[in-house]
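To start, the structure under review is shown below, and the notes come after it.
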Protein chains: 2
Amino acid sequence: MDKDKLAALGGIKLFEGLPQAQLKSLADIALFKRCKAGDTLFEAGQPGTHFFAVVSGKVRVYRASLSGKEQILSVFGAGESFAEVPVFEGKTYPASAQALEDCLLVSIPRKGFVELLRREPELALGVMALLSSRLRAFVGQIAQLSLKEVPERLAGYLLLLRAAQGRDEITLDLPKGQIASYLGTIPETMSRAIKKLSEQGLIEVSGSQVRVLDPEGLSLLAESGR
Amino acid sequence: MDKDKLAALGGIKLFEGLPQAQLKSLADIALFKRCKAGDTLFEAGQPGTHFFAVVSGKVRVYRASLSGKEQILSVFGAGESFAEVPVFEGKTYPASAQALEDCLLVSIPRKGFVELLRREPELALGVMALLSSRLRAFVGQIAQLSLKEVPERLAGYLLLLRAAQGRDEITLDLPKGQIASYLGTIPETMSRAIKKLSEQGLIEVSGSQVRVLDPEGLSLLAESGR
DNA sequence: CGGCTGATTGAATCAGATCAACTGCTGTGG
DNA sequence: CCACAGCAGTTGATCTGATTCAATCAGCCG
């Protein structure tokens with residue numbers, strides 16, 4: 001059982017390069033958490049006592065409005081960790097988290113982790129780098145939301161996927177409705193944006209398969225700040 | 001001169017509680033930077049070699065679109081530090097920064113600071129807390145932008161100011177046009193939003209003086225997710 | 001074969017951006 | 001001391017991208 005935890009923790013990017021001894025001490029305080037697609041892990045405003053790492057499956061972090069609209073902040077897959085913020089502030093979760101698929105997670109309590117950080121400056125630097133990259137991502141997301149229209153945001157998203165998957169034949173990593181929520185819009189508008197890009201000959205879509213026909217054009221569109 | 005730097009660094013929140021010796025070693029590598037209102041400190045995309053702390057004056061951090069619209073991400077005043085992100089990633093500044101008033105800043109080079117962090121776990125924890133609180137703020141900003149309309153965002157902003165200033169008679173900390181840019185809109189729309197809140201009897205505005213007449217109502221509006 | 005969920009399409013509506021004009025204030029120069 | 005340039009802010013008229021509401025369609029699982 002502890003062997004499993006050790007293996008699971010070793011697969012988390014944040015803990016790469018951590019000496020075996022420290023990994024063990026993490027394994028002592030970490031807990032496995034299994035959940036099914038659709039399960040809510042925590043909600044915005046709840047006191048944040050643990051942070052999480054994804055061993056397998058996919059989790060979305062989002063904020064919801066009273067009227068039901070949701071804005072996805074990020075989606076995390078195997079090897080990634082999330083909900084670090086309350087660890088360092090000892091306050092509430094700033095957003096909600098829900099499993100998109102059946103997941104195996106490890107949860108790590110705030111307190112023990114902070115102690116480990118005190119002893120391991122390299123891990124601390126890793127955490128700072130992680131938080132920084134997340135800040136950078138949010139800056140980009142804020143700029144997209146306020147400076148660009150939906151087709152432009154979609155173009156940017158597709159280019160990101162293309163870069164991640166390394167070819168022009170992309171598989172959408174999320175259902176379209178979820179992508180809409182990530183782009184700050186709704187499925188109907190997203191659908192029309194796809195149509196628009198298709199009509200302009202920039203992409204070709206069939207189901208969750210997208211072929212990028214004109215990367216240049218896409219990126220031109222994505223940059224175009226209104 | 002080094003006395004000055006020491007005093008300046010001592011006034012930065014992030015460095016509170018840092019032992020005198022470490023503060024000295026910071027002072028050795030820190031540089032004063034003076035700038036006039038309107039000066040650009042750095043632009044999004046430039047390689048980020050230093051981060052900054054505000055001794056006096058005010059700085060805005062923002063992203064601009066090609067067409068000229070700007071989205072303010074944050075405004076920093078005396079005692080606050082900014083542009084930490086590239087320190088831990090060694091990449092570019094994710095946004096631009098410009099002095100809103102005449103400023104005295106200290107700039108601290110990436111390299112020396114990282115070394116100090118290795119030796120000072122408490123400082124490292126302080127940095128992580130700072131980055132976390134900034135993440136929390138961005139999460140809120142993203143949610144506001146995508147989930148709420150302009151009058152609601154304005155209501156939220158005013159409540160924030162009210163809390164910060166501790167009374168119902170608020171002084172706007174920025175020119176209205178800048179507030180518009182922070183709220184992700186333009187001066188015209190901002191002006192109409194003010195009018196709307198006034199007509200609803202929630203606030204009373206004259207110049208940069210705002211009186212909050214109905215905090216309850218304001219907060220009801222601010223929460224209302226569309 | 002239903003029945004569900006996700007996706008698409010169409011029509012109507014709306015919030016916010018845009019464009020243009022005007023106000024009022026401040027500071028500068030004749 | 002007054003005139004006027006210049007900028008921030010306001011107001012009105014119009015336009016447009018996005019949401020809303022409603023209906024339909026496609027795929028998938030029981």
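Each chain gets a letter, A, B and so on, in the order the sequences are listed, and its residues count up from 1.
Counting to the nearest Å, the P atom of D:dG17 and the CD atom of A:Q144 are 18 Å from each other. Look at NZ on B:K69: it is 11 Å from P on C:dG16, rounded to the nearest Å. Going from atom CG of B:L147 over to atom P of C:dG16 covers 13 Å, rounded to whole Å. At whole-Å resolution of the value, CG in B:L154 and P in C:dA15 are 16 Å apart. We find that CG of A:L145 is positioned 12 Å from P of D:dA18, with the value rounded to whole Å. For the pair B:E149 CD and D:dA18 C1', the interatomic distance rounds to 12 Å; values are reported in whole Å. Straight-line distance from the CG atom of A:L174 to the C1' atom of C:dA7: 15 Å, rounded to whole Å. Atom pair B:Q71:CD and C:dA17:P shows a separation of 11 Å (rounding to whole Å applied).
Using cut-offs of 30° and 60° on the angle between ring planes, the pair B:F113 and B:F51 is tilted. The aromatic rings of B:Y157 and B:Y182 lie tilted to each other, with the angle between the two planes from 30° to 60°.
With a 4.5 Å cut-off on side-chain heavy atoms, A:L158 and A:L154 count as touching. Using a 4.5 Å heavy-atom cutoff, the side chains of A:L131 and A:V127 are in contact. Annotation: side chain of A:C35 is in contact with side chain of A:L105 (closest heavy-atom distance under 4.5 Å). Between A:V54 and A:F82, the closest side-chain pair of non-hydrogen atoms falls below 4.5 Å.
In summary, A:R162 and A:D168 engage in a salt bridge, as defined by a charged side-chain N under 4.0 Å from a carboxylate O.
Under the 6.0 Å cut-off for aromatic ring centres, B:F76 and B:F52 do not qualify, their centroids lying 6.0 Å or more apart.
Between the side chains of A:Q209 and A:T171, at least one donor N or O sits under 3.5 Å from an acceptor N or O. For the residue pair A:T40 and A:E43, no side-chain donor N or O sits within less than 3.5 Å of a side-chain acceptor on the partner.
Taking every heavy atom of residues 179-192 of chain A and every atom of DNA chain D, pairs under 4.0 Å involve A:G184, A:T185, A:I186, A:E188, A:T189, A:R192, by number. A heavy-atom distance below 4.0 Å to DNA chain D is reached by none of the residues of residues 193-208 of chain A.
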Return the polar atom pairs (N/O with N/O) between nucleotides 23-25 of chain C and the protein under 3.5 Å, or none.
none

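Of all non-hydrogen atoms in B:Y93 and B:H50, the two that sit nearest each other are OH-O, 2.8 Å.
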